[in-house]
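Some notes on the structure that comes next.
Protein chains get the first letters and strands the later ones, always in sequence-line order, with residue 1 at the start of each.
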There are 2 protein chains.
Amino acid sequence: MTSFTEENYLKIIYKLSTETESEISTNAVAELTQTKAASVTDMLRKLSDKQLVSYQKYQGVRLTSQGQAVALKVIRKHRLWEVFLVEKLGFNWDEVHDIAEQLEHIDSEELVQRLDEFLGFPQFDPHGDPIPDRHGKMPEFGYKNLSDIDPNQAVIMMGVAQHSVSFLQHLAKVGLNLGVDICVKEINDFDKSMTIKIGGEIDYFISNDVAKNILVKVY
Amino acid sequence: MTSFTEENYLKIIYKLSTETESEISTNAVAELTQTKAASVTDMLRKLSDKQLVSYQKYQGVRLTSQGQAVALKVIRKHRLWEVFLVEKLGFNWDEVHDIAEQLEHIDSEELVQRLDEFLGFPQFDPHGDPIPDRHGKMPEFGYKNLSDIDPNQAVIMMGVAQHSVSFLQHLAKVGLNLGVDICVKEINDFDKSMTIKIGGEIDYFISNDVAKNILVKVY
DNA sequence: AATAAATTTTAGACTAATCTAAAAATAAGT
DNA sequence: ACTTATTTTTAGATTAGTCTAAAATTTATT
């Protein structure tokens with residue numbers, strides 16, 4: 001059995017793994033778990049004993065396939081519950097993270113299966129993140145970062161790569177919601193900031209920091 | 001803040017309080033929490049410090065109004081989630097207890113409110129137990145135990161007073177489901193066992209132990 | 001009312017998850 | 001390559017919840 005806490009560590013190590021090829025550092029984990037490096041070291045040894053991570057002192061950590069399977073189950077639950085909260089209970093997509101953070105640890109295979117079915121087997125959560133199926137397989141999708149789109153290319157916004165409340169609220173204020181049409185007008189060479197047209201309406205100026213975190217589909 | 005564990009103790013003390021007027025004993029709590037008496041003593045002191053129970057050494061325990069409020073919130077969540085699992089996800093009523101036992105500790109007032117609304121503000125859970133409203137008030141209902149019904153009286157089954165899987169499965173086997181018509185044919189004087197007709201069909205013999213745990217409405 | 005039985009509490013110990021402070025190892029900067 | 005800085009690990013302590021075994025209290029029985 002994996003505890004609530006162990007699941008959180010695995011989830012976070014998984015998240016960090018998707019952002020880098022190399023080993024995950026103790027400090028990186030400590031930052032995301034909101035704990036101290038010393039606590040992380042202890043937990044890594046424990047997870048290593050349970051064969052959920054491979055870990056060598058001072059050399060960082062990686063998920064084993066077993067550990068990844070656990071992480072993906074937690075992520076699956078998190079994202080399915082987010083769909084439920086938004087689609088069925090009418091929450092906004094920037095309100096659901098903390099609640100899903102709790103619900104993701106509810107332990108019942110049967111529940112997850114039925115919830116998935118009840119929601120119509122969604123492929124993506126309200127933030128556009130892919131939902132692994134019950135075998136841990138992510139749906140295929142060819143989304144790009146808005147920052148990689150060429151000028152005069154028209155795209156549809158399909159997701160975000162960052163989930164902080166402040167970022168999501170910023171998007172809402174500007175009118176950048178899932179599904180909107182975006183057309184890149186101009187890219188500034190020196191800082192990669194861009195001017196975009198949203199839904200054929202007005203021109204907006206957005207920084208590269210923002211553009212990097214917006215996922216779009218070319219059509 | 002009340003922890004997962006504290007909430008379980010409060011819920012159990014509440015349950016015991018509804019079954020007796022007097023103080024609740026340490027042993028009674030230990031049995032239901034699946035812990036030892038020594039552990040209960042520790043927890044009672046802790047809950048007492050937090051003003052959630054009134055407790056005097058060796059004299060048993062009672063909920064304070066604060067403690068009762070917490071217990072009722074947990075029970076409200078438990079029963080709402082049970083409705084969700086049965087009505088929306090299609091679980092049987094004898095499968096939902098363990099899952100609801102986990103879901104009842106999810107912490108979000110907003111979530112409970114929206115769930116309640118999504119379910120159409122149900123007054124009773126799938127076992128016929130009343131669901132407290134957001135202020136902790138139980139819906140009024142005048143159900144009686146089947147064991148208190150006179151011969152030749154026709155009633156409708158509205159709930160059960162016991163939730164063990166074996167009991168619920170026994171009921172299912174006999175055909176005693178929520179909503180069925182029951183008519184008491186005969187009561188045996190010496191052991192209070194009774195013969196009943198279910199849905200106008202066949203005569204069944206049931207013990208007083210079973211009859212005591214079936215809630216019915218006279219019409 | 002005195003003693004036996006049952007219940008409850010205390011004392012001391014254990015596990016999981018965390019912390020701080022100090023030591024060890026690795027990485028970086030001249 | 002040597003010293004400094006950063007990162008990571010160890011050592012020892014803390015908190016919540018639990019346990020066992022022994023002591024204290026209450027309840028029951030003769």
Side-chain angles (χ1 to χ4, degrees), chain A residues 1-13 16-17 19-63 67 70-71 74 101-102 104-105 107, chain B residues 1-14 16-17 19-63 67 70-71 74 101-102 104-107:
Chain A
M1 260 303 25
T2 47
S3 72
F4 187 104
T5 314
E6 289 166 352
E7 286 187 354
N8 274 332
Y9 274 88
L10 292 172
K11 185 185 63 175
I12 276 162
I13 296 167
L16 289 166
S17 303
E19 291 163 15
T20 168
E21 283 300 298
S22 55
E23 240 80 23
I24 308 306
S25 77
T26 302
N27 261 355
V29 177
E31 197 172 341
L32 291 197
T33 50
Q34 317 249 57
T35 61
K36 296 299 155 80
S39 313
V40 173
T41 301
D42 285 349
M43 181 56 87
L44 293 185
R45 266 222 267 97
K46 191 177 164 198
L47 291 172
S48 183
D49 289 349
K50 288 193 170 190
Q51 324 255 317
L52 295 167
V53 303
S54 62
Y55 164 67
Q56 300 282 103
K57 274 202 217 179
Y58 294 104
Q59 301 310 136
V61 66
R62 249 179 228 285
L63 290 181
V70 174
V74 175
E101 205 75 357
Q102 297 179 62
E104 73 190 6
H105 302 291
D107 177 34
Chain B
M1 259 303 23
T2 48
S3 73
F4 187 102
T5 314
E6 289 166 350
E7 287 186 354
N8 273 332
Y9 274 89
L10 293 172
K11 185 184 63 173
I12 276 163
I13 297 168
Y14 177 85
L16 289 167
S17 303
E19 291 163 15
T20 169
E21 283 299 299
S22 54
E23 240 82 21
I24 309 305
S25 76
T26 302
N27 260 355
V29 177
E31 196 172 342
L32 291 197
T33 49
Q34 315 250 57
T35 62
K36 295 300 154 83
S39 312
V40 173
T41 300
D42 285 349
M43 183 54 88
L44 294 185
R45 266 223 265 96
K46 191 177 163 200
L47 292 172
S48 182
D49 290 349
K50 287 194 169 188
Q51 324 255 319
L52 295 168
V53 302
S54 62
Y55 163 66
Q56 299 282 104
K57 271 201 219 182
Y58 294 103
Q59 301 311 136
V61 66
R62 250 178 227 284
L63 291 180
V70 174
V74 175
E101 206 76 355
Q102 297 179 62
E104 72 189 5
H105 302 290
I106 301 294
D107 179 32

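The salt bridge (Lys or Arg N to Asp or Glu O under 4.0 Å) analysis of residues 2-12 of chain B, with sequence neighbours excluded, yields the pairs B:Glu6-B:Lys46, B:Glu6-B:Lys50, B:Lys11-B:Glu101, B:Lys11-B:Glu104. Screening residues 29-44 of chain A for salt bridge (Lys or Arg N to Asp or Glu O under 4.0 Å) gives no qualifying pairs among residues at least two apart or on separate chains.
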Anything under 3.5 Å between a donor and an acceptor, one on a side chain of residues 52-61 of chain A, the other on a protein residue two or more places apart or in another chain? List them.
none

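Taking OH of A:Tyr9 as the reference point, atom OG1 of A:Thr5 lies at 7.5 Å (rounded to 0.5 Å).
Heavy atoms of A:Ser39 sit under 4.0 angstrom from at least one base atom.
Taking every side-chain heavy atom of A:Tyr58 into account, C:dT26 is the closest of C:dT26, D:dT18, D:dT26.
Rounded to whole Å, the distance from CG on B:Asn8 to P on D:dT18 is 9 Å. If you measure from atom CD of A:Glu23 to atom P of C:dT26, you get 14 Å, rounded to the nearest angstrom. One atom, CE of B:Met43, and another, C1' of D:dT15, lie 12 Å apart when rounded to the nearest Å. Atom CG in B:Leu47 sits roughly 12 Å away from atom C1' in D:dA16 (whole-Å rounding).
Taking all atoms of both residues into account, the shortest heavy-atom contact from B:Ala37 to B:Thr26 is O-CG2, 3.6 Å. In plain terms, the two heavy atoms of B:Thr20 and B:Ile24 that are nearest each other are CG2-CD1, 3.7 Å. For the pair B:Leu63 and B:Ala71, the tightest heavy-atom approach, listed with the atom from each and the gap, is CD1-CB, 4.3 Å.
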Give me the distances for all protein-to-nucleotides 10-13 of chain C N/O pairs that come in under 3.5 Å?
{"residue": "C:dT10", "atom": "OP1", "partner": "B:Lys57", "partner atom": "NZ", "Å": "2.7"}

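For A:Arg62, the salt bridge (Lys or Arg N to Asp or Glu O under 4.0 Å) test picks out A:Glu23, with sequence neighbours left out.
For DNA chain D, the residues of residues 24-32 of chain A within the heavy-atom distance limit of 4.0 Å (strictly under) are A:Ser25, A:Thr26, A:Asn27, sorted by number.
The side chain of B:Lys36 contributes an N or O atom lying less than 4.0 Å from OP1 or OP2 of D:dT20.
Comparing B:Gln59 and A:Tyr9 by the nucleotide of DNA chain C whose heavy atom lies nearest to each, the residue mapping closer to the 5' end is B:Gln59.
Side-chain contact between B:Ile13 and B:Leu44 is present, with at least one heavy-atom pair separated by less than 4.5 Å.
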